[in-house]
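Presented below is the structure to which this report refers.
If you read the sequence from its start, that first residue is 1, and numbering goes on from there.
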Amino acid sequence: MNIFRQKERAGAGEPGLSYFKKEIASCEHTYRQGRVDTIRRHLLRQHSVSARAAQGYNFKGRVFTPAAIILQGMKTVVNFHTAYLVGNPVTITGTPEAVGIMNRYYRSGVYAKTDWQVLKELITYGNAFEYVYMDADGKVRSKVFRNKDAYPIYDDGLVYRYFVEYWKDKRDGGEHHTIYYPTHVDTYVDGRLADSKKNLTGLPIHYSVMDKSEYDQFGDPCLLDLIPIMDKIESLLSKLDDAVTTLSLNPIGVVNGARMTEDDMIDSNIAGAVLNLEEGGSFDYANATMDYNCIKYELDQLYQQFNMIAGVPSSITGQGNIANVSENTTSIIYQLTENRGKENINSLLDGFYQRWEAMRYLMAINGDVLSDEDFDSLNVSFNINKPVDVKSNIENMKLQYDMGAISRRTIMEQSPYTTDSAQELQRLAEEGTDITGEMMDAGQGEMDAQKR
């Protein structure tokens, strides 16, 4: 908690609103917000292929509107990686006292939802921002900022100094600036100070992916690599749809011989009609023969690159089929996903430790004090949302326990059926089973045997 006391003493000579207006208009923030806007527009179905639909062509006497096929594969990629790590709530590990308190605050603050929001922003934009605070009811909660509104301010030495949340009201155009100093939070509306509060938990937490952009303090989102591929796939499919519609399903009739007038035309609603041509005349349809293999090959290659960069198994996006596969085969299929997941875990862990520091300070205000030993024991286990052979995993952990290489509490924390090990220990004690006591008794018996 000393870190927060140090922040409270450092409050003199802080910059005002004009300084932050210049900062959020700087090159680094303009560049980052441009990338954020590119991703946002794509997720809101504003794709480059949409420009085709604005063009009209005359075809057979009518206006033909080109196809503009829009695919929303990006949302699937983001949701897949988010659900992969935090689709199942994370498991807090540590001493029973620390786990019990943290799980209680996680439940009251709905942190399962917060983890989902943080990771979704992180995967989508490469950065995520979270502020831990205490609400009017004394509950510890977190606010997850939209990337389009978030402006972390770093100095020339890449030291995180301030944070600005800026947004403009669409109804009246009013500008809102919320400035987070290490010691307090000021809110400005149209340049006027509207509110000022004490900041108990420091600056908002800045999560960043491990791949960095041109500015090292910000992460580089994977979606920017996928958008050009998706644009090409949409362009090809849209052109293919036009070709099928105009050249295959609606071919042009060609007559050799005397010119046919409108009176000679046959009503399209008549079935079995006969067209009589003069001697030497002929009638045929002019349609295009498309090279199916070349089109399929190009699309397959694009989808393969998309899945490889996205780190998503092809079967998830409908590009492959799996059936009756072993767990080893599933692990191979999910290898890219696991690699991406490990990167995301490392990015989340750094932010989680900062979150726990802030929560510890607020919990102490509520009278729930964690000792240094209990706090240092805290860790987190991610319950990966992947097809696994749970029975085999449980059997392997039981084998380790029989060898004396793992404790029953660790098995409980690693089990997908247990998300709150402290609560489970309490329930076992209520049933008359104290696994801690049994383990201590067994250990004491071994020590007594060695002494004899």
Side-chain angles (χ1 to χ4, degrees), residues 3-4 6-7 10-11 13-40 114-115 117-133 141-168 175-188 196-224 343-344 346-359:
I3 182 174
F4 297 107
Q6 292 173 2
K7 290 179 179 178
E14 293 169 335
L17 179 60
S18 59
Y19 166 81
F20 294 107
K21 285 186 175 181
K22 293 179 182 179
E23 281 294 319
I24 65 177
S26 63
C27 295
E28 63 184 70
H29 287 295
T30 302
Y31 172 79
R32 185 179 71 88
Q33 288 297 340
R35 291 155 67 92
V36 169
D37 188 58
T38 298
I39 297 173
R40 281 189 68 252
T114 300
D115 291 343
Q117 292 174 324
V118 167
L119 184 55
K120 190 170 186 177
E121 286 285 314
L122 183 67
I123 294 172
T124 304
Y125 301 107
N127 300 276
F129 306 93
E130 173 193 1
Y131 179 65
V132 183
Y133 67 99
R141 298 184 180 276
S142 283
K143 175 181 178 179
V144 180
F145 298 88
R146 298 189 303 177
N147 264 265
K148 67 185 295 290
D149 301 334
Y151 297 85
I153 307 300
Y154 288 82
D155 63 16
D156 293 337
L158 297 183
V159 178
Y160 189 17
R161 295 296 186 186
Y162 310 100
F163 181 88
V164 179
E165 181 187 18
Y166 168 71
W167 57 278
K168 185 177 291 187
E175 292 187 323
H176 298 254
H177 294 80
T178 303
I179 302 173
Y180 291 79
Y181 298 89
T183 57
H184 61 282
V185 180
D186 291 345
T187 302
Y188 292 85
S196 182
K197 296 180 180 179
K198 188 176 181 180
N199 186 358
L200 299 176
T201 56
L203 299 176
I205 303 167
H206 181 184
Y207 298 82
S208 176
V209 296
M210 301 186 72
D211 293 331
K212 300 303 178 183
S213 65
E214 284 80 352
Y215 297 94
D216 291 340
Q217 62 268 42
F218 298 115
D220 184 42
C222 170
L223 264 61
L224 289 177
E343 288 188 8
N344 291 333
N346 287 323
S347 300
L348 288 175
L349 283 177
D350 184 45
F352 282 0
Y353 293 141
Q354 297 178 55
R355 175 198 288 176
W356 295 339
E357 284 277 4
M359 292 180 69

Non-hydrogen side-chain atoms of Thr187 and His176 separated by less than 4.5 Å: no
OH (Tyr353) and CG (Leu348) are apart, to the nearest 0.5 Å, by 11.0 Å
Value for CG (Asp156) from CZ (Arg161), rounded to nearest 0.5 Å, stands at 10.0 Å
For Pro152 and Phe218 the tightest heavy-atom approach is CG-CE2, 3.4 Å
Which of parallel (below 30°), tilted (30 to 60°) and perpendicular (above 60°) describes Tyr180 and Phe163?
-> perpendicular
NZ (Lys120) and CG (Asp115) are apart, to the nearest 0.5 Å, by 14.5 Å
OH of Tyr151 to CZ of Arg32, rounded to nearest 0.5 Å, is 7.5 Å
Can you find a pair of side-chain heavy atoms, one from Trp356 and one from Met359, that are under 4.5 Å apart? yes
- request: State whether the side chain of Asp211 and the backbone N or O of Asp220 hold a donor-acceptor pair below 3.5 Å, judged by distance alone.
  value: no
Looking only at side-chain N and O atoms, does Asp216 offer a donor or acceptor that is under 3.5 Å from a partner on Tyr154? no
Flag the pair Tyr188 / Ile179 as yes when at least one side-chain heavy-atom distance between them is below 4.5 Å, and no otherwise.
yes
To the nearest 0.5 Å, atom CD1 of Ile39 lies from atom CG of Leu224 at 4.0 Å
* Please check if the side chain of His29 supplies one atom and the backbone of Ala150 the other of a donor-acceptor pair under 3.5 Å. => no
**Prompt:** Any side-chain heavy atom of Phe129 sitting closer than 4.5 Å to one from Asp149?
**Reply:** no
Taking every heavy atom of Ser196 against every heavy atom of Asp186, the minimum-distance pair comes out as OG-OD1, 2.7 Å
request  = Taking the side chain as every heavy atom from C-beta outward, state whether Ser208 and Gln217 have any atom pair closer than 4.5 Å.
outcome  = no
side-chain contact (heavy atoms from CB on, under 4.5 Å) assessment of Tyr19 paired with Ile153 | CA-CA 11 Å; Tyr19 166 81; Ile153 307 300; 4.0 Å; yes
- Item | Heavy-atom side-chain contact between Tyr166 and Lys21 under 4.5 Å | no
All heavy atoms of Leu203 vs all of Tyr160, minimum pair found to be CD1-O, 3.7 Å
**Request:** For the residue pair Arg35 and Pro221, establish whether any side-chain heavy-atom pair is separated by less than 4.5 Å.
**Result:** yes
Note: Tyr131 and Pro204 closest approach over all heavy atoms is CD1-CG, 4.1 Å
Donor-acceptor check, side chain of Asn147 to backbone of Asn127, threshold 3.5 angstrom: yes or no? yes
**Asked** Under the 3.5 angstrom rule, does the side chain of Ser26 hit a backbone N or O of Glu23 as a donor-acceptor pair?
**Response** yes
d(His206 NE2, Leu122 CG) to nearest 0.5 Å is 8.5 Å
Are Glu214 and Tyr31 side-chain neighbours, meaning at least one heavy-atom pair lies under 4.5 Å? yes
The side-chain contact (heavy atoms from CB on, under 4.5 Å) partner of Val132 among Ile205, Thr114, Leu200 is Ile205
Crowding at NZ, Lys168 (>12 non-hydrogen neighbours, <6.0 Å): no
Nearest heavy-atom contact between Asn199 and Tyr181 is ND2-O, 2.8 Å
*Can you tell me if Tyr207 and Glu130 form a side-chain donor-acceptor pair at under 3.5 Å?*
yes
Requested in this report: Just do the side-chain contact (heavy atoms from CB on, under 4.5 Å) check on Arg40 and Asp37 with the steps written out, would you?
Outcome: CA-CA 5 Å; Arg40 281 189 68 252; Asp37 188 58; 3.9 Å; yes
